[in-house]
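Lettering follows sequence order; numbering is per chain, from 1.
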Number of protein chains: 2
Amino acid sequence: MTAGSSKVSRAQRSQKASRHITINDIAKRAGVSKTAVSFAFNVPGRLSEKTTQHILQVAREMGYTPNPIARSLNTRRTNTLGVLLPQDISIAMRNPFFAELLSGIGEVCSAHGLSLLLVPPLRGSLVEATYAALIDGCIVTGLEADDPATRALRQRRIPFVMVDVEPEEDIPAVSVDDAAGAYFAMKHVLELGHHRIGIASFVSFTGRLEEYTGTLGRRFNGYLRALHEHGLTLDNEHVRLVECSCDVEGGKLAFHQFWSSRQGITAIVALSDVIAYGVVQAASEQGVRIPQQLSVVGFDDLEFSRLLRPPLTTVRQPIREKGRLAAEMFARLYHNEPLEQHTLRLPVELVVRQSCAPPQS
Amino acid sequence: MTAGSSKVSRAQRSQKASRHITINDIAKRAGVSKTAVSFAFNVPGRLSEKTTQHILQVAREMGYTPNPIARSLNTRRTNTLGVLLPQDISIAMRNPFFAELLSGIGEVCSAHGLSLLLVPPLRGSLVEATYAALIDGCIVTGLEADDPATRALRQRRIPFVMVDVEPEEDIPAVSVDDAAGAYFAMKHVLELGHHRIGIASFVSFTGRLEEYTGTLGRRFNGYLRALHEHGLTLDNEHVRLVECSCDVEGGKLAFHQFWSSRQGITAIVALSDVIAYGVVQAASEQGVRIPQQLSVVGFDDLEFSRLLRPPLTTVRQPIREKGRLAAEMFARLYHNEPLEQHTLRLPVELVVRQSCAPPQS
DNA sequence: TGGGGGTGATAAACTAGTTCAATAACCGCA
DNA sequence: TGCGGTTATTGAACTAGTTTATCACCCCCA
């Protein structure tokens with residue numbers, strides 16, 4: 001290294017590394033100020049038509065396009081809506097629930113020219129993820145109002161709407177009566193005469209049963225209410241609980257656990273349709289006939305549940321609608337328009353199809 | 001308005017509007033330079049432990065978190081991987097293909113701490129969308145190498161990997177032999193003895209049949225080759241084409257068009273499993289028995305196709321794997337590591353299940 | 001010729017951080 | 001006490017744009 005090389009200026013060095021073309025390059029080349037270049041791109045009518053066209057022509061020739069990050073720094077807009085996911089993307093996307101939710105959210109994104117950012121935990125922390133996400137706001141899924149990540153959003157004044165959360169004053173949210181839905185599902189199974197029942201639950205266990213929170217907790221409350229009305233409890237003898245991942249694979253594993261336990265389970269209540277799919281698939285593979293030998297109920301009524309073999313009895317919740325409404329609420333917050341209602345609660349209903357029957361006598 | 005009010009400085013005004021807390025506020029409050037604050041957050045060991053802790057303490061007290069946009073402007077990193085979608089998010093998400101693809105891409109995102117940005121056309125233009133997207137690179141779906149959006153990425157030196165594209169020198173891509181897969185599917189139907197066949201295609205028509213491009217064009221080539229081998233052509237008499245949206249609803253509409261035409265169609269070949277789902281559902285609703293009265297073949301082998309009633313005969317392509325490999329290629333580009341192979345071609349195979357049978361005599 | 005009004009263009013300040021290069025402080029040792 | 005070598009800290013420049021406030025210019029009219 002020569003003495004001279006250390007004197008190479010920063011500008012020269014970055015020149016060498018084929019620097020990106022910036023607004024300054026265009027300004028110089030076009031013989032105008034960078035303000036003019038900015039106006040040419042952003043404020044139609046602010047410059048004379050001649051100047052505007054000249055600047056845009058120069059920009060085209062040099063292949064210039066304004067840096068969206070620098071622009072965002074000024075405008076404080078990213079034109080991006082985040083979706084906070086409590087799990088990794090690869091896991092969430094195994095549950096068609098999210099595809100339907102995103103489809104609903106996406107309708108609103110198109111209308112407002114927004115992109116959609118999937119925000120999973122960063123290095124294990126959703127709070128970290130919210131710090132790093134380049135978003136104008138977000139839809140929060142699978143979290144409660146007192147979650148650290150939710151608090152982080154509030155503190156940073158990032159507008160957000162929660163989905164599937166216990167309704168709480170002044171927190172915009174779109175929910176569903178999970179407890180009622182679960183109650184209907186379990187009641188249906190009980191009224192068919194089942195009393196050896198497996199509950200296939202996705203995991204978010206935090207200790208004892210009373211500590212189940214969120215969607216899981218609410219659905220459990222519904223199940224337990226129906227069980228109590230029929231004099232049953234989660235005693236592991238009549239009613240057994242198995243936890244699994246919220247995907248087809250999880251449902252298959254759950255089925256095998258129930259079936260190998262030889263407790264004579266005649267019905268499986270799944271906390272999610274996709275888990276029910278796995279149960280049905282594993283049962284078919286084992287030659288267990290549904291609903292003759294085993295009844296299965298789900299929760300969600302995904303678009304494909306009616307196409308299942310047999311068509312799945314389940315609890316319908318309007319998932320796409322939920323996404324759309326949540327995103328619409330966000331859009332109002334985003335544009336500082338008042339919300340008519342802070343919390344929406346959408347209806348659920350039991351959809352009886354062909355995956356349940358009375359137990360074999 | 002008084003004369004005084006016009007003299008209110010900018011700082012005072014923004015103060016009033018409860019300005020965001022910046023690195024300067026923390027520096028002042030902690031009695032250090034903003035360089036020190038930056039180091040405290042980003043370069044462990046660069047400051048004394050005492051100073052670092054003091055700064056972080058002050059930051060915590062004031063609820064400060066570095067602005068990710070300003071940070072990105074310097075670091076030139078957004079830690080976001082884009083997925084370029086040729087349609088609106090709400091439409092794409094109606095096809096479980098994307099959920100599976102995203103699931104694969106998501107595996108790599110987790111490993112590298114990336115978020116995933118869904119980038120649909122902005123004001124009708126994907127090129128515009130690429131200009132505005134805050135991403136470090138992207139996975140391009142449903143586009144060809146000579147698409148304007150692809151060119152825009154190249155020009156702006158945004159690293160990208162294409163998915164489902166005609167392999168081309170030096171463009172990183174992960175594809176599948178669509179033509180071969182389609183050939184297998186059509187051949188299977190023909191060998192069962194069908195000669196009145198409906199093709200249910202998603203839309204991307206650009207004029208005459210020879211102008212089909214991309215995935216659509218490649219699959220058509222496969223279908224046509226098999227048809228030719230059996231002396232058939234797309235003549236609208238024996239083999240009829242219907243275009244529909246790529247979702248369950250589209251498949252249902254396609255079925256109704258085929259069935260109402262009363263051309264005695266005995267088999268429907270769908271360009272996508274999700275379209276086949278719609279065909280099967282509409283057929284069931286009409287009391288048309290599959291495969292006895294109507295054979296159906298799909299393309300994709302989505303996770304749920306084996307659970308369909310009846311289980312769907314289809315062409316398997318490893319979608320999740322495709323997403324994962326594409327994302328891994330991107331990760332290498334992103335870290336300036338050399339690619340072992342620029343283009344990958346994954347295998348397809350016909351999966352014979354129960355939705356096809358010989359035509360009723 | 002002077003002044004008002006409108007248009008077109010710009011210099012400078014601003015967005016909120018990171019990074020470079022230089023300095024200050026400290027420690028041990030001669 | 002002086003000096004070399006770390007270690008800790010900082011001012012200034014830099015990222016790439018937008019925005020504000022001002023100015024120059026031209027036309028019209030008095």
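With sequence neighbours excluded, the residues that form a ring pair (Phe, Tyr, Trp, His ring centres under 6.0 Å) with B:Phe330 are B:Tyr334. When the ring pair (Phe, Tyr, Trp, His ring centres under 6.0 Å) test is applied to B:His342, no partner is found at least two apart in sequence or on another chain. Every residue was checked against the salt bridge (Lys or Arg N to Asp or Glu O under 4.0 Å) condition with A:Glu49, not counting sequence neighbours, and none meets it. Listed by chain and number, the residues in a side-chain contact (heavy atoms from CB on, under 4.5 Å) with B:Asn74 amount to none (sequence neighbours excluded).
A heavy-atom distance below 4.0 Å to DNA chain D is reached by these residues of residues 66-74 of chain A, ordered by number: A:Pro66, A:Asn67, A:Ala70, A:Arg71, A:Asn74.
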Listing time: all N or O pairs from protein to nucleotides 24-27 of chain D that are below 3.5 Å?
none

Between protein and nucleotides 6-12 of chain C, what N or O pairs are separated by less than 3.5 Å?
{"unit_1": "C:dA9", "atom_1": "OP1", "unit_2": "A:Thr51", "atom_2": "OG1", "d": "2.5"}
{"unit_1": "C:dA9", "atom_1": "OP2", "unit_2": "A:Ser48", "atom_2": "N", "d": "3.0"}
{"unit_1": "C:dA9", "atom_1": "OP2", "unit_2": "A:Ser48", "atom_2": "OG", "d": "3.3"}
{"unit_1": "C:dA9", "atom_1": "OP2", "unit_2": "A:Thr51", "atom_2": "OG1", "d": "3.2"}
{"unit_1": "C:dA9", "atom_1": "N6", "unit_2": "A:Arg46", "atom_2": "NH2", "d": "3.1"}
{"unit_1": "C:dT10", "atom_1": "OP2", "unit_2": "A:Ser33", "atom_2": "N", "d": "3.0"}
{"unit_1": "C:dT10", "atom_1": "OP2", "unit_2": "A:Ser33", "atom_2": "OG", "d": "3.3"}
{"unit_1": "C:dA11", "atom_1": "N6", "unit_2": "A:Thr35", "atom_2": "OG1", "d": "2.8"}

Donor-acceptor list for residues 36-45 of chain B side chains, cut-off 3.5 Å, not counting sequence neighbours:
{"unit_1": "B:Ser38", "atom_1": "OG", "unit_2": "B:Asn42", "atom_2": "ND2", "d": "3.4"}
{"unit_1": "B:Asn42", "atom_1": "OD1", "unit_2": "B:Arg71", "atom_2": "NH2", "d": "2.8"}
{"unit_1": "B:Asn42", "atom_1": "ND2", "unit_2": "B:Ser38", "atom_2": "O", "d": "3.1"}

Please report, to 0.1 Å, the donor-acceptor pairs under 3.5 Å made by any side chain of residues 118-130 of chain B, with sequence neighbours excluded.
{"unit_1": "B:Arg123", "atom_1": "NH1", "unit_2": "B:Glu128", "atom_2": "OE1", "d": "2.9"}
{"unit_1": "B:Ser125", "atom_1": "OG", "unit_2": "B:Val127", "atom_2": "N", "d": "3.2"}
{"unit_1": "B:Ser125", "atom_1": "OG", "unit_2": "B:Glu128", "atom_2": "N", "d": "2.9"}
{"unit_1": "B:Thr130", "atom_1": "OG1", "unit_2": "B:Val127", "atom_2": "O", "d": "2.6"}

What donor-acceptor contacts under 3.5 angstrom involve side-chain atoms of residues 160-173 of chain B, with partners at least two apart or in another chain?
{"unit_1": "B:Asp164", "atom_1": "OD1", "unit_2": "B:Lys322", "atom_2": "NZ", "d": "2.6"}
{"unit_1": "B:Asp164", "atom_1": "OD2", "unit_2": "B:Lys322", "atom_2": "NZ", "d": "2.9"}
{"unit_1": "B:Glu166", "atom_1": "OE1", "unit_2": "B:Arg218", "atom_2": "NH1", "d": "3.4"}

Hey, can you pull the donor-acceptor pairs under 3.5 Å for the side chains in residues 21-30 of chain A, sequence neighbours left out?
{"unit_1": "A:Thr22", "atom_1": "OG1", "unit_2": "A:Asn24", "atom_2": "N", "d": "3.2"}
{"unit_1": "A:Asp25", "atom_1": "OD1", "unit_2": "A:Arg19", "atom_2": "NH2", "d": "3.0"}
{"unit_1": "A:Asp25", "atom_1": "OD2", "unit_2": "A:Arg19", "atom_2": "NH2", "d": "3.1"}
{"unit_1": "A:Asp25", "atom_1": "OD2", "unit_2": "A:Thr22", "atom_2": "N", "d": "2.8"}

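Terminal axes of the helix from C:dT1-D:dA30 to C:dA30-D:dT1 (five pairs each, C1' rotation axis) are separated by 70°, to the nearest 10°.
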